[in-house]
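Each chain gets a letter, A, B and so on, in the order the sequences are listed, and its residues count up from 1. Computed from a predicted model, the values in this text were never measured in an experiment. Just so it is clear, the values below take in all heavy atoms, side chains as well, and ignore hydrogens, waters and symmetry mates.
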There are 2 protein chains.
Amino acid sequence: MSLRHAMLGLLARGPASGYDLLKAFEASLANVWPATQSQLYTELGRLTDAGLIAVQAEGPRGRKEYRITQQGREELWHWLTEVEPDPPRRNDALLRVFFLDQVDPGQARAYLERRAAAAAAQEAALLGLREQVAAQDDPLARYGLLSLEYGVRISAAVREWAQWAVEQLDAGGALAPANPAGPAATTADTGTASPADSPAHAANPSAATGG
Amino acid sequence: MSLRHAMLGLLARGPASGYDLLKAFEASLANVWPATQSQLYTELGRLTDAGLIAVQAEGPRGRKEYRITQQGREELWHWLTEVEPDPPRRNDALLRVFFLDQVDPGQARAYLERRAAAAAAQEAALLGLREQVAAQDDPLARYGLLSLEYGVRISAAVREWAQWAVEQLDAGGALAPANPAGPAATTADTGTASPADSPAHAANPSAATGG
DNA sequence: GACAGCATGTAACCTGTTACATGATTTG
DNA sequence: CAAATCATGTAACAGGTTACATGCTGTC
């Protein structure tokens, strides 16, 4: 339920409408906690019912400006200092790595190289952004810069990992794919058992998603 | 829709029942793509309807053993080589960093130190696991080791980032919290406007979740 | 007066989580 | 025979996404 806390966090900086919050989410939280318009308006209602925020003023086009209440501040404080964040649980890109033995080594290698390129691109983008942000010396950007740095470091680590993984494949000798399926292997399903007949089992007890 | 592909990936290694898949998810995919029992059985039905898997045999206690079909192999191949993975979008721990200006610097520092400790603990656990896995020299563990290494590197990067962030706070001089709320500041909500009256705005255009 | 932007709200759908419900088989 | 484990299935709910629906206001 972090959406609610993200909203409280933004409202703690000053009153805002649903529309204002939407812009703030798009501009600053898009990569950390995205939210849709629909979600925001629904949650504004719930937060109001719960007494954590209240309508402060009504404006021109049905605009409702919300402010955080004392109860809301307390909830925000509690979340910030007493609730342990839950780590990201799912990683689509890493999931594919588990099944890379199903394609031929060239494709596995290509996959990892695409990961490296994607991470490098993100790293470059964030480095550019950091220059911009650092230049404007906004005191509010202080903590924002911490999260930017996080992004820079994580994308660098991912890039380095993917590059290392490619080297591992190259060094380790080509593994044949366990169960070739290929784009051209379009033989109709015959109902015969697959080449491997042992029950599915784990390759290893796994790594974490990182967080 | 990666659950379906994770299941196809496991079934591509050999036939399995819903129960077998559940064990495989718990043992090897828990930190990359967790799934509940309920989800697995529901999805087995859908995969069967879609013709991507089929019941191969029925066993003792109503056990149904599924195998992947050729169509299923093609779908798996497509997902592995042609679908770009979507990056993790939400990061609960990093979201809090955006709002650390709402608590006093000591609490912000403590928060970052807890992140560093958590990352260090995870790193240590994964290093231990890597030793175990490396010792058994299982050829199937080849790609599994790549994901383990990913976990090790990401937790190291997070740990280093959090340590760096603590240093930044210490060096940068204490910032006063923008809007103190505190656990003791229990004044009833009076309805008066909060100290900051400007509309909520972004601290900066943000960092990425990493992936 | 047209258009961009401000502004709010609802419905349908999908994924995932928790909890409920039930029963067969193997092992000590 | 009791307990652990194997084994499957459904219902209710929560959070998030997409799409629909509507209308006002300021500016060129």
Contact letters for nucleotides 5-13 of chain D, in which S counts primed atoms plus P, OP1 and OP2 and B counts the base, heavy atoms under 4.0 Å: -BBBBBB--
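For B:Glu123, the side-chain hydrogen bond (donor to acceptor under 3.5 Å, both in side chains) test picks out B:Arg159, with sequence neighbours left out. A search for side-chain hydrogen bond (donor to acceptor under 3.5 Å, both in side chains) contacts involving A:Arg130 returns A:Glu149, not counting sequence neighbours. Judged as a side-chain hydrogen bond (donor to acceptor under 3.5 Å, both in side chains), and not counting sequence neighbours, the contacts of A:Glu113 are A:Arg109. Taking A:Glu84 as the reference, B:Arg114, B:Arg115 meet the side-chain hydrogen bond (donor to acceptor under 3.5 Å, both in side chains) condition, with sequence neighbours excluded. Residues passing the side chain to side chain contact (heavy atoms under 4.5 Å, CB included) test with B:Ala50, sequence neighbours excluded: B:Arg4, B:Leu52.
Separating the CZ atom of B:Arg90 from the P atom of C:dG16 is a distance of 13 Å, rounded to the nearest angstrom. The nearest whole Å value for the distance from the CE atom in B:Met1 to the C1' atom in D:dT17 is 15 Å. Across the protein-nucleic acid pair, A:Asp86 atom CG and C:dT17 atom P stand 11 Å apart, rounded to whole Å. The distance between atom CZ of A:Arg89 and atom P of D:dG15, rounded to the nearest whole Å, is 15 Å. Rounded to whole angstrom, the span from the CD atom of A:Glu58 across to the C1' atom of C:dA7 amounts to 12 Å. The interatomic distance linking B:Glu43 (CD) with C:dT17 (C1') rounds to 15 Å, in whole Å.
Classification of the B:Trp79-B:His5 ring pair by plane angle, with boundaries at 30° and 60°, yields parallel.
Contact check, B:Arg46 against C:dC14: no side-chain N or O comes under 4.0 Å of OP1 or OP2.
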